[in-house]
Amino acid sequence: MTGESICASDYFERLFEWALALIDAGKAYVDHQTFDEIREGRGNTHESGKESPYRDRSPEENRALFLQMREGKFANGECVLRAKIDMAHSNLNMRDPVIYRIMHTEHHRTGDTWCIYPMYDFTHGQSDALEYITHSLCTLEFEHHRPLYEWFLEHLPTPSKPRQIEFARLNLTYTVMSKRKLLQLVEENRVSGWDDPRMPTISGIRRRGYPAEALRNFCKTIGITKYSSTHDIALLENAVRESLNKTARRYMAVLNPLKVVITNYPEDQVEEFDAINNPEDESAGKRKVPFSRELYIERDDFMLDPPKKFFRLSVGKEVRLRCSYWLKCEEAITDENGEVIELRCTYDPETRGGANPSDGRKVKATIHWVSAAHAVPAEVRLYDRLFSEEDPEAGGQDFLDALNAGSLTSVTNAQLETNLRDAAIGETVQFERLGYFCADQDTTEEAVVFNRTVSLRDSWARAQKK
RNA sequence: AACUCUAUGGUGUAACGGUAGCACAACAGAUUUUGGUUCUGUUUGUCAAGGUUCGAAUCCUUGUAGAGUUGCCA
């Protein structure tokens, strides 16, 4: 691989010569039948085709005619060059397929050098051969074309003999993969563009923060088959989590902040604690996280009236603040609507760094937090599946009807750990206990933006649903 | 409609004609300074009916279901 992109148009001259070679060998002819005559003459799967009245033109006459085609002596559709194979062949593609047609149009790469253009079938195998491709992979719809692919390789002096292998296209649950439908989503502004993080496009997936390694592993596990199957998107998400778990740095971020005041912590004191960047990778090292009297914790981590399996904070209960201190809630302050607006808590100086106290007290949960004075405000875009149904077209319904209205929830008042201020665009990190998040290109000096790549597995949320 | 291809747990994917295995999902438990990770265990399968064979997921026939094709598109 050279890395340069190569186009079939780079081979137009060679293909033209090969077409002449076919003519000289009596294996191609110029057909002056009309479009409809050719179609009718082809017959169908239970009726063999009829030979064209121009089929037996001499190689000399065909050569002269074909050169005239190139010179622009004919109008569009006036004649075509056909391979002379077998009008009774059971495969319709082998019934003298058209290999060159006249098109008086400019080409985006070759300009106006050509007014005749080769058909896909006359280009595919030859291009592969010129590039010394051994296994030419394509999708199932080209299966019927393989005999033709091979026929050209057999009758042309190609430098190599590639092999075409077809496999089923990749389908995923909760999304659509067809270009036509994706285009519609873009044009109707159902998504923000081709690189919307919900789109199953390369740019979308990249912006979502899916690592290339995860995609490779996913492809490895789904394999290549001829069975048209639909892969569970959970398998992809699993590959993403698996990859990110090993590589993503951990940070603390509060998406839905609830203010905490630690009444027994000195007003102006700031401590810095060591936090492990990645427990799965010691070489990722540690970082400093500032701690102070006023913090934000996740609103979901406090309940006024908790169910019995709720291990997090409630009035009178104690939890561990990740890598800092144990925290006990003394009082919840509510507004006139009964909404909790602030927590009054105390900390235990003996539990510095989150260590267990000497009296043997136990705590069942560790929660994340952010020092209010040091927090970086951010916008966090919570992406979910684009469609709310496994098969958006089940029962023949319009796929747009299955769009998931909640596929994007934007949180504008998130509070991030101060270290996240300088996250590189495109870097995917873990917000501890929440999920993996990717710094988005919309980030500016003033506003930090993160996209949720995928959430962490949440067995608590799952248990709640039951 | 015809022709071509395909069919293995809930979703996928393996198994020279010789013990149906693996991943994900689900469920249960252990560990845990992330209700994450990790570990252990459990549940569920060869589309149907015939045939060949000592022996069939595998080979043959028929049926059923799904996909693809029937452009001077790619």
Side-chain angles (χ1 to χ4, degrees), chain A residues 8 31 33-36 38-39 42-47 76-82 90-93 95 97-103 116-121 123-124 138-147 166-173 179 217-218 220-239 241-242 244-246 248 250-252 273 275-276 278-280 301 309-312 319-326 351 353-356 363-368 390 430-436 455-464 466:
Chain A
D31 194 345
Q33 289 186 108
T34 63
F35 182 96
D36 289 334
I38 289 179
R39 201 192 57 225
R42 187 158 29 241
N44 49 49
T45 45
H46 49 278
E47 211 178 310
N76 288 354
E78 211 175 326
C79 55
V80 293
L81 184 69
R82 291 230 258 168
S90 61
N91 185 329
L92 265 26
N93 291 123
R95 318 244 262 229
V98 171
I99 57 179
Y100 262 94
R101 79 288 213 194
I102 297 165
M103 287 168 82
I116 55 170
Y117 293 97
M119 296 290 289
Y120 172 84
D121 283 317
T123 312
H124 190 193
C138 64
T139 41
L140 249 24
E141 63 265 32
F142 295 99
E143 229 165 2
H144 309 246
H145 294 250
R146 189 176 353 118
E166 312 84 15
F167 57 90
R169 65 183 305 156
L170 193 156
N171 295 306
L172 278 178
T173 54
K179 271 178 272 180
N217 290 342
F218 171 67
K220 227 175 274 175
T221 64
I222 65 176
I224 293 177
T225 55
K226 299 180 84 161
Y227 175 59
S228 44
S229 51
T230 303
H231 297 92
D232 192 340
I233 197 151
L235 198 57
L236 210 204
E237 290 171 344
N238 179 261
R241 287 194 187 98
E242 197 174 46
L244 256 15
N245 178 46
K246 287 181 295 186
R250 317 282 133 126
Y251 293 94
M252 290 194 282
F273 289 100
I276 293 167
N278 185 349
E280 309 291 322
D301 287 338
K309 282 260 178 92
F310 186 79
F311 302 146
R312 283 109 98 150
V319 293
R320 174 175 14 236
L321 293 176
R322 182 105 231 238
C323 69
S324 50
Y325 287 113
W326 286 26
T351 57
N356 293 344
V363 100
K364 274 198 153 162
T366 298
I367 66 171
H368 59 276
E390 250 190 43
Q430 184 189 106
F431 290 176
E432 288 207 52
R433 303 210 302 133
L434 298 175
Y436 297 98
S455 63
L456 249 32
R457 267 197 203 85
D458 189 347
S459 51
W460 167 244
R462 212 185 305 155
Q464 288 290 283
K466 284 191 288 187

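Please read these numbers as outputs of a predicted model, since none were measured by experiment. For the numbers below, each heavy atom of this structure counts, side chains included, while hydrogens, waters and symmetry mates do not. Here is how names work: the chains are called A, B, and so on, in the same order as the sequence lines, proteins then strands, and each is numbered from 1.
Of the possible donor and acceptor atoms, one in the side chain of A/R241 sits under 3.5 Å from a partner among the backbone N and O of A/S455. A distance-only check finds no donor-acceptor pair linking the side chain of A/R169 to the backbone of A/T139 [under 3.5 Å]. Looking only at distances, a side-chain donor or acceptor of A/T173 sits under 3.5 Å from a matching main-chain atom of A/I233.
Comparing A/A365 and A/M103, the nucleotide of RNA chain B nearest to each residue sits closer to the 5' end for A/A365. Nearer the 5' end of RNA chain B, as judged by each residue's closest nucleotide, is the contact made by A/I222, out of A/V98 and A/I222.
The ring pair (Phe, Tyr, Trp, His ring centres under 6.0 Å) test applied to A/H124 returns A/Y120, A/Y149, not counting sequence neighbours. Take A/T34 and apply the side chain to side chain contact (heavy atoms under 4.5 Å, CB included) test, not counting sequence neighbours, and it matches A/D36, A/E37. Residues forming a ring pair (Phe, Tyr, Trp, His ring centres under 6.0 Å) with A/Y117 (at least two apart in sequence, or on another chain): A/F12, A/H107. Contacts of A/N278 classified as side chain to side chain donor-acceptor pair (under 3.5 Å), with partners at least two apart in sequence or in another chain: A/R250. For A/T225, the side chain to side chain contact (heavy atoms under 4.5 Å, CB included) partners are A/Y227, not counting sequence neighbours. Applying the ring pair (Phe, Tyr, Trp, His ring centres under 6.0 Å) test to A/F431 and every residue at least two apart in sequence or in another chain returns A/F437, A/F450. Residues that satisfy the side chain to side chain contact (heavy atoms under 4.5 Å, CB included) test with A/N217, not counting sequence neighbours, are A/E213, A/K220. For A/F310, the ring pair (Phe, Tyr, Trp, His ring centres under 6.0 Å) partners are A/W460, not counting sequence neighbours. Every residue meeting the side chain to side chain contact (heavy atoms under 4.5 Å, CB included) condition with A/D301, not counting sequence neighbours, appears here in chain and number order: A/E298, A/R312, A/I367, A/H368, A/R433.
For B/G10, the O4'-C1' to base torsion is more than 90° from 0; the nucleotide is therefore anti.
Summarising the geometry, the separation between CG on A/N93 and P on B/G68 is reported as 16 Å, rounded to the nearest angstrom. Atom C1' of nucleotide B/C72 and atom CZ of A/R42 are separated by 9 Å, given to the nearest angstrom. Rounded to whole Å, the distance from CD1 on A/I233 to P on B/A25 is 14 Å. Put simply, CG on A/N91 is 18 Å from P on B/G68, counting in whole angstrom units. Atom P of nucleotide B/G66 and atom CD of A/E141 are separated by 19 Å, given to the nearest angstrom. Look at CG on A/N217: it is 15 Å from C1' on B/G12, rounded to the nearest Å. We find that NZ of A/K179 is positioned 17 Å from P of B/C73, with the value rounded to whole Å.
When the C1' atom is used for both B/C24 and B/U19, the distance is 25 Å, rounded to whole Å. Nucleotides B/U53 and B/A48, compared at atom P, are 23 Å apart to the nearest Å. Taking the P atoms as reference points, B/U58 lies 14 Å from B/A15, given to the whole Å. Comparing B/U69 with B/A74, their P atoms are spaced 15 Å from each other, to the whole Å. The P atoms of B/G17 and B/C73 are separated by 44 Å, rounded to the nearest whole Å. Annotation: B/A20 and B/U8 have their C1' atoms spaced 8 Å apart (nearest Å). Taking atom C1' on both B/C5 and B/G45, the two are 23 Å apart, rounded to the nearest angstrom. Look at the P atom in both B/U40 and B/A23: the space between them is 10 Å, to the nearest Å.
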After noting the C-alpha distance and the side-chain angles of A/H144 and A/N93, does the key distance pass the side-chain hydrogen bond (donor to acceptor under 3.5 Å, both in side chains) rule?
CA-CA 7 Å; A/H144 309 246; A/N93 291 123; 5.2 Å; no
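Close to B/A67, at under 4.0 Å from its OP1 or OP2, lies no side-chain N or O of A/R169. A/S229 has no side-chain polar atom (N or O) that falls below the 4.0 Å cut-off from OP1 or OP2 of B/U11. Proximity of A/R241 to the phosphate of B/C24: no side-chain N or O atom is located under 4.0 Å from OP1 or OP2. Note on A/T225: a side-chain N or O is less than 4.0 Å away from OP1 or OP2 of B/U13.
In this structure, A/K364 reaches neither bases nor backbone, as no heavy-atom distance under 4.0 Å exists between it and the strands shown. Heavy atoms of A/F142 sit under 4.0 angstrom from at least one base atom. Across all strands shown, A/H124 has no heavy atoms under 4.0 Å from either base or sugar-phosphate atoms. Among the protein residues, A/Q33 comes within range of the nucleic acid bases, having at least one heavy atom under 4.0 Å from a base atom. Contact annotation for A/T139: no contact, since no heavy-atom pair falls under 4.0 Å across all strands. Residue A/F310 is in base contact, counting any heavy-atom pair closer than 4.0 Å across all strands shown. Using a 4.0 Å heavy-atom cutoff across all strands shown, A/I38 reaches at least one base atom of the nucleic acid.
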For nucleotides 1-7 of chain B, give me one character per nucleotide, 5' to 3': B if any protein heavy atom sits under 4.0 Å from the base, S if the only such contacts are to the sugar-phosphate, - if neither.
-BSSSSS
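The partner of B/U19, taking Watson-Crick or G-U wobble pairs whose two distances both stay under 3.5 Å, does not exist in any strand shown. Across all strands shown, B/C59 forms a Watson-Crick or G-U wobble pair, both distances under 3.5 Å, with B/G51. Applying the Watson-Crick and G-U wobble criteria (two distances, each under 3.5 Å), B/U34 pairs with nothing in any strand. Base pairing annotation: B/U6 forms a Watson-Crick or G-U wobble pair with B/A65, both donor-acceptor distances under 3.5 Å.
Taking the side chain of A/R39 as heavy atoms from C-beta on, and the options B/G35, B/A25, B/G71, the nearest nucleotide is B/G71.
The only option from A/V363, A/V319, A/L321 that meets the side chain to side chain contact (heavy atoms under 4.5 Å, CB included) definition with A/W326 turns out to be A/V363.
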Could you list all N or O pairs between the protein and nucleotides 59-61 of chain B that sit under 3.5 Å apart?
none

Identify the pairs formed between an N or O of the protein and an N or O of nucleotides 31-34 of chain B at a distance under 3.5 Å, and give each distance.
unit_1, atom_1, unit_2, atom_2, d
B/U33, O4', A/R320, NE, 2.9
B/U33, O4', A/R320, NH2, 3.0
B/U33, O2', A/R322, NH2, 2.9
B/U33, O2, A/C323, N, 3.2
B/U33, N3, A/G353, O, 2.6
B/U33, O4, A/G353, O, 2.0
B/U33, O4, A/G354, N, 3.3
B/U33, O4, A/G354, O, 3.4
B/U33, O4, A/A355, N, 3.0
B/U34, N1, A/E432, OE1, 3.4
B/U34, O2, A/Q430, OE1, 3.1
B/U34, O2, A/R433, N, 2.7
B/U34, N3, A/Q430, OE1, 2.5
B/U34, O4, A/R250, NH1, 2.3

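Side chains of A/R320 and A/N356 form a contact here, defined as non-hydrogen atoms less than 4.5 Å apart.
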